[in-house]
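Note on naming: letters A, B, ... go to the chains in the order of the sequence lines (proteins, then strands), and numbering restarts at 1 for each one.
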Amino acid sequence: MSDQQNDQLHAMRHSLAHITAAAIRRLWPDAKFGVGPVVENGFYYDVDLGDKQLSNDNFGKIEKEMKKIIDEGQPFEKFYKPIDEAIAWAQEAKQPYKLELLNDLKRAGTTIAKDINAEELGLESQDASKVDEVSFYKNGDFIDLCRGPHVASTGEVGAFKLMRVSGAYWRGKEDNQQMQRVYGVAFPTQEELDKYLAMLEEAKKRDHRKLGQELDLFVFSDLVGPGLPLWTPRGTVLRKELDRFVQELRDQMDFQEVAIPHITKRSLYERSGHWAKFADELFHITTREGHEFAMKPMNCPHHTQIYASRPRSYRDLPIRYRETTMCYRDEQSGELNGLSRVRAFTQDDAHIFCREDQTIEEVMRLWQIIQDFYGQLDFPLSLRFSSRDPKKLDAYVGDPELWDKAEQELRDVVAKQKDMDIESEGIGEAAFYGPKLDFMAKDSLGRQWQVATIQIDYGQPQGLDLKYTDISGVEARPVMIHCAVMGSIERFLSVYIEHTAGRFPVWVAPEQVRVITVNQEDATVRFARQLSEMGKALGLRLYIDNDNESVGKKIRNAELMKVPYTVVIGEKEIESGRVVPRVRKDIEVSAEHDPHTVEEFLKTVMHETKSRVTKTSL
RNA sequence: GCCGACAUAGCUCAGUGGCUAGAGCGGCUGUUUUGUAAACAGCGGGUCGUGGGUUCGAAUCCCUCUGUCGGCUCCA
């Protein structure tokens, strides 16, 4: 899409936000309005209707009113008011939220409280040198404080649909009044809107919570508690296979596996800095003797204590630890969501302790692991650079100079990588101990998810007083590099399940081959068992369906479970000793479905498993 | 945590103040021995999420708690 088209779409969506507000005001004249910006795929408007609760049932009415306004083809007119007149207008119109914004504007030269995103308030271009004038837009009798731009008239806004209403804090602050946020999506044409809505439908169909249930991958128990997924045998296969792949890639880089307890005395986190920052999010434990412990919310402090257990020489570095292990965080109940946000999650974690002169090379090699992993899984990656918030420097541990150094090192690594560039900057999204390179995976529906991360950390080695002896016999401070490839396996699987719609490639599939018997005769069962035993000897995951059901029914069941290969065993197979594998429909088949000997068939499946191919060769 | 919606059998769902709460699928039993996406019959299966209230009477109305969902806030 060209910039011009982009600007046009932005103006359409922004104009629709105004039309939404205008329609709401026609229906509820006492409505108080907050802000109404453009967001991804659409727009929203925050409103305060007093005691009146909006629900989806009201959308028909609001949309009808919006369509009237659109049909009226009201021109959008821009005009300016001196700031004091604007304030008088807000008082007159009984718009306390607008009044607050205008008063801020007058006082501080900006409406933007330091802690709020300018774009979201829709006012960043109300520039400080011109505080004596504020821009307004008017359509019909609806006037709104706004920087624009808008389309020429309400008749030019394309296709839209109101989607949902939800609570939202005024100016995004938890202590503030909660308003009702009306969301809409909008596109230039009905076709594009329909396409977007179809994508949402598809996303709903492949929702990992739904597929997790249907494919028997994981469950939640009310007795165990929210945010604590339990993995079934099938789901556990996914976890193991993916993790094994990560570890094989790491083994090429000489990582050593370590193991740590899942709790610690509070003193560790006081030293690392976690206690001060995250005490509320820790699961706390008090022993019967009154000592305070906590469940580990991450692994780095524990790992540092293995490093610190003996004197280290510059010759020992880099020391590379890896461990796939569970962490526990007391997330707010409203934050929990399927596998994407849980209270117990598994990190495929790694920590490197190295000399400063080794940092860049180590980061580059970690980067390679990440690329290999996501390349194999057919995920395009993009890069996000997460740095300190320059306004909240006290929220971080470590010397500011070392932070600058760490951020520069990460940028240097990016500069050396030919095939990827920083796509977005997450200012204020760094960890409290160091800046991050975050890798975003784009799934098959075009959605982006943060997955892998590489972090350079000078803060914790300092706080925990890690050292080594350098070449001149002097004590030196190692650098710590954190790297997770999947990040949280739970979260990664939520993405991967939706990316594949549960149609996992053969090497990941919990069940690779289903053997279906035509009847329950001895010879049939014997042949099926033979095939299955041979497969298991090769390390394959096979399951025999010998139920007293029609072949059609058993095929259907295998299809529903998205098993990649199904073979039917009956008289023909017993006589010929050959099978005709049925291949899951999404898999591209290069050859005809020729009969294979059992050995040939199993060998092919094994080859696909060992070399982790995504497409089948049968 | 906050705002709102929702919670009926293992699953998907019907039942909006009035007989003993239903269906399909799944489960079990029997019949059938099946050839590439659903054989037939029978039988089980529910403290209608929890606790309280209103009422002659509550799955149904009200409150509490728990859980789930959509957002907000948060995310080492």
Side-chain angles (χ1 to χ4, degrees), chain A residues 39 44 46 48 53-57 163-183 204 207 209-210 213-214 216 219-227 269 272-278 280-282 296-301 327 329-338 340-342 345 347 349 386 395-397 429-434 436 450 453 455 457 459-460 482 484 487-488 491 514 516-521 524 546-561 566-573 580-583 585 593:
Chain A
V39 291
Y44 67 76
D46 282 349
D48 177 355
Q53 253 317 319
L54 286 179
S55 76
N56 294 24
D57 304 338
M163 297 300 282
R164 62 178 85 92
V165 57
S166 68
Y169 299 107
W170 167 237
R171 304 184 91 164
K173 298 265 290 179
E174 212 169 340
D175 332 319
N176 279 349
Q177 165 84 18
Q178 202 156 35
M179 308 184 71
Q180 301 189 60
R181 179 167 295 178
V182 180
Y183 280 95
K204 214 166 152 188
D207 186 317
R209 294 167 297 199
K210 184 166 170 280
Q213 224 252 105
E214 290 171 1
D216 190 22
V219 295
F220 289 90
S221 154
D222 284 352
L223 295 179
V224 175
Y269 293 149
S272 70
H274 289 86
W275 193 272
K277 197 155 163 60
F278 294 111
D280 286 349
E281 284 99 304
L282 297 175
K296 68 179 165 84
M298 77 341 289
N299 310 303
C300 24
C327 293
R329 295 178 189 174
D330 185 7
E331 304 285 4
Q332 300 189 96
S333 54
E335 255 310 321
L336 301 173
N337 181 280
S340 18
R341 192 75 177 269
V342 291
F345 58 95
Q347 281 186 331
D349 212 353
S386 297
Y396 305 93
V397 299
E429 288 180 22
F432 74 91
Y433 48 72
K436 308 192 285 180
Q450 203 245 296
T453 180
Q455 308 165 3
D457 179 2
Q460 290 192 85
H482 310 238
S488 142
R491 196 185 134 74
R514 183 164 299 188
I516 290 176
T517 55
V518 172
N519 55 45
Q520 281 73 57
E521 313 278 336
T524 315
N546 188 35
D547 284 0
N548 181 3
E549 287 288 352
S550 67
V551 171
K553 175 70 165 289
K554 293 201 268 191
I555 292 282
R556 177 181 150 82
N557 286 342
E559 290 279 352
L560 290 175
M561 291 305 279
T566 308
V567 290
V568 176
I569 303 300
E571 249 175 71
K572 277 188 285 184
E573 288 74 20
V580 184
R582 184 188 164 96
V583 184
K585 283 198 184 90
H593 290 230

Base-contact (B) and sugar-phosphate-only (S) positions in nucleotides 24-32 of chain B, heavy-atom cut-off under 4.0 Å, - elsewhere: --S----BB

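- Side-chain nitrogen and oxygen atoms of A:Y183 include at least one within less than 4.0 Å of the OP1 or OP2 phosphate oxygen of B:rC72.
- A:K585 contributes a side-chain N or O that forms a donor-acceptor pair with the base of B:rA37 under 3.5 Å.
- Whole-Å rounding puts the A:I516 CD1 to B:rU36 C1' distance at 8 Å.
- A heavy-atom distance below 4.5 Å is not found between the side chains of A:R514 and A:K554.
- The gap from the C1' atom of B:rG52 to that of B:rU66 amounts to 15 Å, rounded to the nearest Å.
- A:K554 comes within contact range of no nucleotide atom at all, as no heavy-atom separation falls under 4.0 Å.
- Across the P atoms, B:rA7 and B:rG17 are found 15 Å apart, a figure rounded to whole Å.
- Counting only distance, with no hydrogens or angles, the side chain of A:Q213 and the backbone of A:K210 share no donor-acceptor pair below 3.5 Å.
- Rounded to an integer number of Å, the gap from A:N519 CG to B:rA39 P is 16 Å.
- Straight-line distance between the P atoms of B:rU31 and B:rA14: roughly 38 Å, to the nearest whole Å.
- When atom types are taken as modelled, the side chain of A:N337 and the backbone of A:S340 share no donor-acceptor pair closer than 3.5 angstrom.
- Across the C1' atoms, B:rG15 and B:rU60 are found 9 Å apart, a figure rounded to whole Å.
- Under the salt bridge (Lys or Arg N to Asp or Glu O under 4.0 Å) criterion, A:E549 pairs with A:K553, not counting sequence neighbours.
- Contact of the A:N546 side chain with the A:T524 side chain is not registered, since no non-hydrogen atoms from C-beta on lie closer than 4.5 Å.
- Without hydrogens or angle criteria, A:R491 side chain to A:Q450 main chain gives a donor-acceptor distance under 3.5 Å.
- A straight line from CD of A:Q177 to P of B:rC2 spans 15 Å, rounded to a whole angstrom.
- For the pair A:I555 CD1 and B:rA38 P, the interatomic distance rounds to 10 Å; values are reported in whole Å.
- Using Watson-Crick or G-U wobble geometry with both donor-acceptor distances under 3.5 Å, B:rG70 finds its partner in B:rC3.
- For the C1' atoms, the distance from B:rA39 to B:rG35 is 14 Å, rounded to whole Å.
- Partners of A:Y396 according to the ring pair (Phe, Tyr, Trp, His ring centres under 6.0 Å) rule, which considers only residues two or more places apart in sequence or in another chain, are A:W403.
- Between A:Y433 and A:H482, the two ring planes are parallel [angle under 30°; tilted spans 30° to 60°].
- Pairing for B:rA59 is absent, with no Watson-Crick or G-U wobble pair whose two atom distances lie under 3.5 Å.
- Nearest to the side chain of A:S166, among B:rG70, B:rA37, B:rG67, sits B:rG70.
- In this structure, A:E571 places its CD atom 17 Å from C1' of B:rU36, rounding to the nearest Å.
- With distances taken from any side-chain atom of A:R164 to the nucleotides B:rC72, B:rA37, B:rG70, the minimum falls on B:rG70.
- B:rC40 and B:rG30 make up a base pair, with Watson-Crick or G-U wobble contacts both under 3.5 Å.
- Rounded to whole Å, the P atom of B:rG10 lies 31 Å from the corresponding atom of B:rA37.
- Across A:N176 and A:W170, no two heavy atoms sit closer than the pair ND2-O, 2.8 Å.
- Between atom CD1 of residue A:I555 and atom CZ of residue A:R582 there is a gap of 5.0 Å, rounded to the nearest 0.5 Å.
- Proximity of a side-chain donor or acceptor of A:Q180 to a complementary backbone N or O of A:L54 within less than 3.5 Å is detected.
- In this structure, A:E521 reaches the sugar-phosphate backbone alone: every heavy-atom distance under 4.0 Å involves primed, P, OP1 or OP2 atoms, never a base.
- Nucleotides B:rA38 and B:rC19, compared at atom P, are 40 Å apart to the nearest Å.
- Remark: B:rG17 base-pairs with no nucleotide in the shown strands. Criterion, Watson-Crick or G-U wobble with two distances under 3.5 Å.
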List every contact pair, protein side and nucleotides 74-76 of chain B side both N or O, where the distance is under 3.5 Å.
unit_1 : atom_1 : unit_2 : atom_2 : d
B:rC74 : O2     : A:R341 : NH2    : 2.7
B:rC74 : N3     : A:E335 : OE2    : 3.1
B:rC74 : N3     : A:R341 : NH1    : 3.2
B:rC74 : N4     : A:E335 : OE2    : 3.3
B:rC75 : O2     : A:R341 : NH1    : 3.1
B:rC75 : O2     : A:R341 : NH2    : 3.3
B:rA76 : O2'    : A:Y433 : OH     : 3.2

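- Residue A:E573 is the one, among A:E573 and A:G338, whose nearest nucleotide of RNA chain B lies closer to the 5' end (criterion: closest heavy atom).
- The interatomic distance linking A:Y44 (OH) with B:rC3 (C1') rounds to 15 Å, in whole Å.
- Residue A:E571 places its CD atom among 12 or fewer non-hydrogen atoms of other residues, nucleotides or ligands, all under 6.0 Å distant.
- For B:rC25, the paired base is B:rG10 (Watson-Crick or G-U wobble, both distances below 3.5 Å).
- B:rC2 and B:rC74 have their C1' atoms separated by 12 Å, given to the nearest Å.
- You'll find that the side chain of A:Q178 is closest to B:rC2, out of B:rC2, B:rU36, B:rA38.
- Rounded to an integer number of Å, the gap from CH2 of A:W170 to P of B:rC72 is 17 Å.
- Contact check, A:N337 against B:rG70: a side-chain N or O comes under 4.0 Å of OP1 or OP2.
- In this view, A:D46 and A:V35, A:Y44, A:A168, A:M179, A:R181 satisfy the side-chain contact (heavy atoms from CB on, under 4.5 Å) rule, not counting sequence neighbours.
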Between protein and nucleic acid, restricted to nucleotides 8-11 of chain B and to nitrogen or oxygen atoms under 3.5 Å apart, what atom pairs and distances do you find?
unit_1 : atom_1 : unit_2 : atom_2 : d
B:rC11 : O3'    : A:Q213 : NE2    : 3.0

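- Side-chain contact between A:Q460 and A:H274: present, with at least one pair of heavy atoms (C-beta onward) separated by less than 4.5 Å.
- At the heavy-atom level, A:G570 lies under 4.0 Å from base atoms of the strands shown.
- Atom-to-atom distance recorded for A:Q332:CD and A:D280:CG is 9.5 Å, nearest 0.5 angstrom.
- Here the side chain of A:D222 is nearest to one of B:rG35, B:rG67, B:rU33, namely B:rG67.
- Look at NZ on A:K204: it is 14 Å from P on B:rC69, rounded to the nearest Å.
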